[in-house]
Number of protein chains: 2
Amino acid sequence: MSLAELKSVCGSCGIRELCLPAGLSDEEVDLLDQHMSHRISVRKGDYLYRMGDPFRSLFAVSSGFFKTVLVHEDGRGQVTGFQMMGELLGLEAIHSTHQVCDTVALEDSAVCAISFDQFEQLGQLMRNLQHRFNKDMSREIAREHHLMLLLGSMRSEERLATFLLDLVMRHERRHQSGETFMLRMTREDIGSYLGIKLETVSRLLSRFHDEGILEVRGRHLRILNRAALAQRTEASES
Amino acid sequence: MSLAELKSVCGSCGIRELCLPAGLSDEEVDLLDQHMSHRISVRKGDYLYRMGDPFRSLFAVSSGFFKTVLVHEDGRGQVTGFQMMGELLGLEAIHSTHQVCDTVALEDSAVCAISFDQFEQLGQLMRNLQHRFNKDMSREIAREHHLMLLLGSMRSEERLATFLLDLVMRHERRHQSGETFMLRMTREDIGSYLGIKLETVSRLLSRFHDEGILEVRGRHLRILNRAALAQRTEASES
DNA sequence: TACCCATATTGAGGTAGATCAATATGGGTA
DNA sequence: TACCCATATTGATCTACCTCAATATGGGTA
């Protein structure tokens, strides 16, 4: 990769408006590029980082799809999130010197690495950037509060419906079809994320299929009745 | 409250080292005081803020005890956290213009209000402060990942044991007894936080009591065997 | 193309925790 | 002090989801 390419990673990036530079001026984006970002590609199945690795950088997903997994001492793992392009990886480790979870590419992917030291310096120079980052962290906290509601109060059907609608919306924000898309993760990953077993995920998908809400063929998904799915998001009286 | 008092809220605060000013120089703490903080007291049962209120300030718990509750459209609520002195409230709303959850005082409490606008300006002036704040946000994200593990993968007994040990540690970090303390919240609050029903919480407490791990008398708690409690934190083979 | 192995589906039966219900307790207040 | 109502305990039953098991499917590779 040439120096010129290196310098324009963010400036010429197709997802610039989804990513950290959103709202920054061209000059500011240049500064970001010059100081911090370089691309790394990660093969499907590979770890971007693992618990215990030294923490130095944040990563912005440039393309592809990741999951983050928290592993308990006794070996149990919990999928804590799925990240797609424009989203940041590594926020959970800023408070530490080492990574606190694993992140794995679920398809061939690319990320932009951002030295966190340099990022903090740059945040001092650009109030814009710091503000944007504060909001990103806050949004992540709020997202997790919703996850806690899901895990703590919802029945399995509501959990899956909520999860699917979230995927739909995130695809659409990226100008990808929210109607037809592919699940990048296994039933087991979905189950872990939602706090249910893979068999339950499979049964629920079959049920939604039989009810004409979705068309499921392996990991290919077509949403046939989004309103019905939204209804399944809420507790039904009875 | 006199101006002099106002100006020394943080500087003379007993929990300064637990709170936002930790690691700041005296001069920096003065700056923090002069620009931003003033105390507010909140009666037991009162809301510090409610979902939909305009978001303007962060709050640092000065004394007392709070819970944060996320309410779903259909009326279900989820307790997303309990906050004690030195901890920040309002982080989840930074990304928005309005509050995104309710926070309620579980005993007579006091908080320091911090205008977030001014806080961001000050963060530009003091790299220390911004760095500390970045870490606080990150720690909150990591805390929630652990909650997701708890809610997604643990059995009810493990959840309660984990919760109790967390309370023990937080009391000790505040130089309060971790052996004997009082639960500030109802069984229902605990159940909501842990994703189980209040009857289950009650039964588990009775079980721990019968097994000699705790002494429970209403909300008075004495930890008799912390090691045994720690064991209950992990899945048992069988 | 054919094979293989990870992944997914579907069924049958078991169980942790929910639900419903009937007391008990104790902190707040008059 | 006595009363009251929110909170907590405990028991009996129910059920959503788990577990175990058998089979199907399909993407990757030789």
Side-chain angles (χ1 to χ4, degrees), chain A residues 43-46 65 67 76 78-79 104 106-108 150-161 163-164 182-211 214-221 232 235-238, chain B residues 43-46 65 67 76 78-79 104 106-108 150-161 163-164 182-211 214-221 232 235-238:
Chain A
R43 274 274 151 65
K44 177 175 176 173
D46 285 354
F65 203 92
K67 67 171 173 183
R76 278 177 296 192
Q78 171 75 25
V79 173
V104 183
L106 296 182
E107 59 180 324
D108 289 352
L150 178 147
L151 290 167
S153 325
M154 289 185 175
R155 290 177 305 98
S156 62
E157 188 184 75
E158 306 170 65
R159 297 186 195 193
L160 187 65
F163 170 71
L164 292 173
M182 190 165 252
L183 296 170
R184 255 59 231 215
M185 70 296 282
T186 65
R187 305 291 193 256
E188 187 167 18
D189 287 333
I190 298 174
S192 170
Y193 184 62
L194 299 178
I196 57 186
K197 291 287 141 183
L198 68 99
E199 293 94 331
T200 303
V201 173
S202 186
R203 279 184 237 276
L204 288 169
L205 285 172
S206 300
R207 181 144 102 219
F208 287 160
H209 182 105
D210 293 346
E211 294 174 332
L214 318 166
E215 205 176 290
V216 191
R217 228 180 47 261
R219 298 195 183 177
H220 298 265
L221 221 66
R232 302 306 174 92
S236 51
E237 320 287 305
S238 64
Chain B
R43 275 274 152 64
K44 178 175 175 173
D46 285 354
F65 204 92
K67 68 171 174 182
R76 279 177 295 192
Q78 171 75 24
V79 173
V104 184
L106 296 182
E107 60 179 325
D108 289 353
L150 179 147
L151 290 167
S153 326
M154 289 186 176
R155 290 176 306 99
S156 62
E157 188 183 75
E158 306 170 67
R159 297 186 195 193
L160 186 65
F163 170 70
L164 292 173
M182 188 164 253
L183 295 171
R184 257 56 234 211
M185 68 298 280
T186 66
R187 305 290 193 256
E188 186 166 18
D189 287 334
I190 298 173
S192 170
Y193 184 61
L194 299 179
I196 57 187
K197 291 288 140 181
L198 68 99
E199 293 94 331
T200 303
V201 173
S202 186
R203 279 184 239 276
L204 287 169
L205 285 173
S206 301
R207 182 145 103 219
F208 287 160
H209 182 104
D210 293 345
E211 294 174 332
L214 316 167
E215 207 176 287
V216 190
R217 227 178 49 258
R219 297 196 183 177
H220 297 267
L221 220 66
R232 302 307 174 93
S236 51
E237 320 287 304
S238 63

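By convention in this document, chain letters (A, B, ...) are assigned in the order of the sequence lines, proteins followed by strands, and residues within each chain are numbered from 1.
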Of the non-hydrogen atoms in [X] and [Y], which two are nearest, and what is the gap between them?
{"X": "A:Arg159", "Y": "A:Met154", "answer": "NE-O, 2.9 Å"}
{"X": "B:Val79", "Y": "B:Ser192", "answer": "N-OG, 2.9 Å"}
{"X": "A:Gln78", "Y": "B:Ser153", "answer": "OE1-OG, 2.8 Å"}
{"X": "B:Ser156", "Y": "B:Ile196", "answer": "CB-CG2, 3.8 Å"}

task = Flag the pair A:Glu188 and A:Lys197 as a salt bridge only when some basic side-chain nitrogen lies within less than 4.0 angstrom of an acidic carboxylate oxygen.
result = no
query = Can we say B:Glu199 and B:Arg187 salt-bridge, meaning some charged N sits less than 4.0 Å from an Asp/Glu carboxylate O?
reply = no
What's the [atom1]-[atom2] distance between [X] and [N], to the nearest Å?
{"X": "A:Arg207", "N": "C:dG11", "atom1": "CZ", "atom2": "C1'", "value": "15 Å"}
{"X": "B:Lys197", "N": "D:dA16", "atom1": "NZ", "atom2": "P", "value": "14 Å"}
{"X": "B:Leu151", "N": "C:dG17", "atom1": "CG", "atom2": "C1'", "value": "15 Å"}
{"X": "B:Asp210", "N": "D:dT9", "atom1": "CG", "atom2": "P", "value": "11 Å"}
{"X": "B:Phe208", "N": "D:dT9", "atom1": "CZ", "atom2": "P", "value": "14 Å"}
{"X": "A:His209", "N": "C:dA8", "atom1": "NE2", "atom2": "P", "value": "16 Å"}
{"X": "B:Met154", "N": "D:dC18", "atom1": "CE", "atom2": "C1'", "value": "18 Å"}
{"X": "B:Leu205", "N": "D:dT9", "atom1": "CG", "atom2": "P", "value": "6 Å"}

Are [X] and [Y] packed together at the side-chain level, in the sense that at least one heavy-atom pair is separated by less than 4.5 angstrom?
{"X": "A:Asp189", "Y": "A:Leu106", "answer": "yes"}
{"X": "A:Ile190", "Y": "A:Leu194", "answer": "yes"}
{"X": "A:Phe65", "Y": "A:Met185", "answer": "yes"}
{"X": "B:Arg232", "Y": "B:Glu158", "answer": "no"}

Taking only the side-chain nitrogens and oxygens of [X], find out if one of them lies under 4.0 Å from OP1 or OP2 of [N].
{"X": "A:Ser206", "N": "C:dT10", "answer": "yes"}
{"X": "A:Ser202", "N": "C:dT10", "answer": "no"}
{"X": "B:Thr186", "N": "D:dA6", "answer": "no"}
{"X": "A:Arg155", "N": "C:dA18", "answer": "no"}
{"X": "B:Thr200", "N": "C:dA18", "answer": "yes"}
{"X": "B:Ser156", "N": "C:dG17", "answer": "yes"}

task = Would you state whether a donor and an acceptor, one from the side chain of A:Arg203 and one from the base of D:dT19, lie under 3.5 Å apart?
result =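 Donor-acceptor pair under 3.5 Å: yes.
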ask   = Do A:Glu199 and D:dC20 share a donor-acceptor pair, side chain to base, under 3.5 Å?
value =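 Looking at the base of D:dC20, it does pair with a donor or acceptor on the side chain of A:Glu199 (distance under 3.5 Å).
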task = Please determine, for the side chain of A:Ile196, which listed nucleotide (C:dG17, D:dT9, D:dC18) has the closest atom?
result =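 Of all the options, the side chain of A:Ile196 is nearest to D:dC18.
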Protein-nucleotides 25-30 of chain D N/O pairs closer than 3.5 Å?
none

query = Reading DNA chain C 5' to 3', what string of ( ), [ ], | and . shows its pairs, if Watson-Crick and G-U wobble pairs count only when both distances fall under 3.5 Å?
reply = ||||||||||||||||||||||||||||||
key: Upstream residue (5' side of DNA chain D) when B:Glu188 and A:Leu198 are each assigned their closest nucleotide   = B:Glu188
